[in-house]
Amino acid sequence: MPQLPAPDYPADVRARLEADARQVIGRYPDSRSALLPLLHLVQAEEGYVTRTGVRFCAEQLGLTTAEVTAVATFYTMYRRKPSGDYQVGVCTNTLCAVLGGDAIFDALKTHLGVENGETTGDGKVTLEHIECNAACDFAPVVMVNWEFFDNQTVESAKRLVDDLRAGRTVEPTRGAPLCTYRETSRILAGFPDERPGAVEAGGGAGHASLAGLRLAKGETGPARVGPPRGAPPLGERPPEHPSSHDAPQPTSASDPEHPSGPVTGTTEEGEG
């Protein structure tokens, strides 16, 4: 059955959101550019982007609901179903994964009784894996509403979610104090961050991440002596089995045991 048009916000809520939307839209020479912050604005209202929120954004910007939905479904920061007060994201990209991220994510799924993208029954925590938190210096990393919790272990991650669910104060490793997901969404919409000390809070990258920047600025560190690139260390034999990036692959033209032969006829669409 086709869905009926999305219901509107109550009159008082709509009036408040319209005032906020005018502020957001006024920042851009082209009103369509305000779509991303407007989606954060409606997400701050209900905790996720509802059909009502999509309708509101479309009406404010003169877009179709299909155009708004296409954007809302593209970016993972927009939730499409009810979510918890705290979005707990576990980095499972390469470095975090091998240092314990995969184990943390699996342990939290069992501990919380949820799968990826699901929310605990008390509505407190939504768990999801994240491809990269851009904090490899501090791996494995967990983020709560986009605030960093560095150098986590299975046990520390369990304590973290338990504290969140119990309403205990939780302090990020670096960066601004923690707030709820709705409050985070309103800040991302471009409204003032009213958390005490949030604007002044630090939390930059670690030493390894900044090494390239220091070199670009002409700064130097202690020299390290190593073998020439591509040469094995003195006294060591080269590896017997090169990586798949170096070794000829079966059926490759470079493999004499599997010659591809001359190319004849149509080999690619549109080529003869």
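Heavy-atom basis, side chains included; hydrogens, waters and symmetry copies ignored.
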**Q** Same cluster or not: Leu17 versus Tyr28, using hydrophobic residues (I, L, V, M, F, W, Y) connected whenever any side-chain heavy atoms lie under 4.5 Å apart?
**A**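 Hydrophobic grouping puts Leu17 with Tyr28.
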
**Q** About how many Å separate CD1 of Ile187 and SG of Cys179, when rounded to the nearest 0.5 Å?
**A**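 One gets 4.5 Å once the value is rounded to the nearest 0.5 Å.
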
**Q** For the residue pair Pro140 and Gly101, what are the closest heavy atoms and their distance?
**A**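 For Pro140 and Gly101, the tightest heavy-atom pair comes out as CB-N, 3.8 Å.
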
**Q** Okay, side chain of Thr184, backbone of Thr180: is any donor-acceptor separation there less than 3.5 Å?
**A**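 Yes.
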
**Q** Any luck finding a side-chain donor-acceptor pair between His111 and Asp162 under 3.5 Å?
**A**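 Yes, side-chain donor-acceptor contact under 3.5 Å.
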
**Q** So, for Val24 and Ala34, which heavy atoms are closest and what is the spacing to 0.1 Å?
**A**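 Closest approach of Val24 to Ala34: CG1-CB, 4.0 Å.
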
**Q** Are any of the side-chain heavy atoms of Met77 and Leu188 separated by less than 4.5 Å?
**A**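 Heavy-atom side-chain distance check passes, below 4.5 Å.
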
**Q** What I want to find out is whether Glu118 reaches Lys81 closely enough, with some N-O distance under 4.0 Å, to be called a salt bridge.
**A**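 Salt bridge flag = no for Lys81 with Glu118.
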
**Q** Tell me, with the steps shown, if Leu41 and Phe191 meet side-chain contact (heavy atoms from CB on, under 4.5 Å).
**A** CA-CA 9 Å; Leu41 176 65; Phe191 291 92; 4.0 Å; yes

**Q** For a salt bridge (Lys or Arg N to Asp or Glu O under 4.0 Å) check, start with the C-alpha distance between Asp85 and Arg182, then their side-chain angles and the critical distance, and finish with the verdict.
**A** CA-CA 7 Å; Asp85 294 333; Arg182 294 191 187 195; 5.7 Å; no

**Q** Would you call Ile25 and Leu61 a side-chain contact if the rule is heavy atoms closer than 4.5 Å?
**A**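 Yes. Closest side-chain heavy atoms under 4.5 Å.
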
**Q** Would you indicate whether the side-chain heavy atoms of Tyr181 and Trp146 approach each other to under 4.5 Å?
**A**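 SC-SC contact between Trp146 and Tyr181 confirmed.
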
**Q** To the closest 0.5 Å, what do you measure between CD (Gln87) and OG (Ser185)?
**A**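 Between Gln87 CD and Ser185 OG, I get 8.5 Å after rounding to 0.5 Å.
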
**Q** Check whether Thr173 reaches the backbone of Asp150 with its side chain - one donor and one acceptor, N or O, closer than 3.5 Å.
**A**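 A pair under 3.5 Å: yes.
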
**Q** To check you understand the geometry: which heavy-atom pair defines the closest contact between Asn151 and Ala139, and what is its length?
**A**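 Looks like OD1-O, 3.7 Å.
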
**Q** Please evaluate residues Thr153 and Ile104 with respect to the criterion side-chain contact (heavy atoms from CB on, under 4.5 Å), reporting the C-alpha separation (whole Å), side-chain torsions for both, the decisive distance (0.1 Å), and the verdict.
**A** CA-CA 7 Å; Thr153 65; Ile104 290 172; 5.6 Å; no

**Q** Give the intermediate values and the outcome of side-chain contact (heavy atoms from CB on, under 4.5 Å) for residues Met143 and Phe149.
**A** CA-CA 6 Å; Met143 294 193 88; Phe149 291 81; 6.0 Å; no

**Q** Sequence neighbours left out, what pairs pass salt bridge (charged side-chain N to carboxylate O under 4.0 Å, His left out) with at least one residue falling in residues 57-66?
**A**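 Only Arg14-Glu59, Arg55-Glu59 qualify under salt bridge (charged side-chain N to carboxylate O under 4.0 Å, His left out).
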
**Q** Out of curiosity, Arg51 CZ to Arg80 CZ, how far, rounded to the nearest 0.5 Å?
**A**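 Going from the CZ atom of Arg51 to the CZ atom of Arg80 covers 10.0 Å.
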
**Q** Compare all side-chain heavy atoms of Pro172 with those of Phe148 and state whether any distance is below 4.5 angstrom.
**A**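 No; the side chains remain at least 4.5 Å from each other.
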
**Q** To the nearest 0.5 Å, what is the distance between CG on Leu160 and CZ on Arg168?
**A**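 One gets 11.0 Å once the value is rounded to the nearest 0.5 Å.
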
**Q** Flag yes if Leu112 and Val142 sit in one hydrophobic cluster, no otherwise; membership is Ile, Leu, Val, Met, Phe, Trp, Tyr, and two members link when side-chain heavy atoms are under 4.5 Å apart.
**A**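 As far as the 4.5 Å side-chain criterion goes, Val142 and Leu112 are connected within one cluster.
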
**Q** Check the hydrophobic clustering (I, L, V, M, F, W, Y; side-chain heavy atoms under 4.5 Å; chains of links allowed) and say if Tyr48 and Tyr75 are grouped together.
**A**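 No, Tyr48 does not connect to Tyr75 through the hydrophobic network.
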
**Q** Please step through side-chain contact (heavy atoms from CB on, under 4.5 Å) for the pair Val141 and Gln152, ending with a clear verdict.
**A** CA-CA 6 Å; Val141 175; Gln152 291 293 294; over 6 Å; no

**Q** With side chains defined as the heavy atoms from C-beta onward, is the minimum distance between Leu36 and Tyr78 less than 4.5 Å?
**A**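 Touching, per the 4.5 Å side-chain cut-off.
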
**Q** What's the spacing between Cys91 SG and Glu131 CD if we round to 0.5 Å?
**A**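 Output value for this atom pair is 7.5 Å.
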
**Q** side-chain contact (heavy atoms from CB on, under 4.5 Å) with Cys57: which of Leu39, Thr65, Val49?
**A**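 Running side-chain contact (heavy atoms from CB on, under 4.5 Å) over Leu39, Thr65, Val49 with Cys57 returns exactly one hit, Leu39.
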
**Q** Are any non-hydrogen side-chain atoms of Thr92 and Ile130 less than 4.5 angstrom apart?
**A**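 No, every pair of side-chain atoms sits at 4.5 Å or beyond.
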
**Q** Salt-bridged, Arg32 to Glu67, with N to O below 4.0 Å?
**A**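 Looking at Glu67 together with Arg32, the answer is yes, because their closest N to O distance falls below 4.0 Å.
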
**Q** Report the distance from atom CD of Gln60 to atom CG of Leu38, rounding to the nearest 0.5 Å.
**A**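 Going from CD on Gln60 over to CG on Leu38, the span is 7.0 Å.
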
**Q** Determine whether a donor-acceptor pair (N or O, by modelled atom type, separation under 3.5 Å) exists between the side chain of Thr52 and the backbone of Pro7.
**A**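 Checking the backbone N and O of Pro7 against the side chain of Thr52, a donor-acceptor pair under 3.5 Å is found.
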
**Q** Name all pairs fulfilling the ring pair (Phe, Tyr, Trp, His ring centres under 6.0 Å) condition that reach into residues 6-26, sequence neighbours left out, sorted by first residue then second.
**A**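 Every pair satisfying ring pair (Phe, Tyr, Trp, His ring centres under 6.0 Å) with a residue in residues 6-26: Tyr9-Phe56.
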
**Q** State, yes or no, whether a side-chain contact exists between Leu127 and Phe105 at a heavy-atom distance under 4.5 Å.
**A**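 Yes, their side chains come closer than 4.5 Å.
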
**Q** Ignoring hydrogens and angles, state whether a donor on the side chain of Thr119 or Thr126 is under 3.5 Å from an acceptor on the partner side chain.
**A**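 Yes - a donor-acceptor pair under 3.5 Å links their side chains.
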
**Q** Could you check if a side-chain atom of Glu128 sits within less than 4.5 angstrom of a side-chain atom of Arg79, using non-hydrogen atoms only?
**A**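 Of all side-chain heavy-atom pairs linking Arg79 with Glu128, at least one is under 4.5 Å.
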
**Q** Would you name the heavy atoms of Ala107 and Val154 that are closest together and state the gap between them?
**A**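 So the minimum-distance heavy-atom pair works out to CB-CG1, 3.6 Å.
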
**Q** Ion pair present between Arg174 and Glu147, side-chain N to carboxylate O less than 4.0 angstrom?
**A**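 Result for this pair is no, no salt bridge flagged.
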
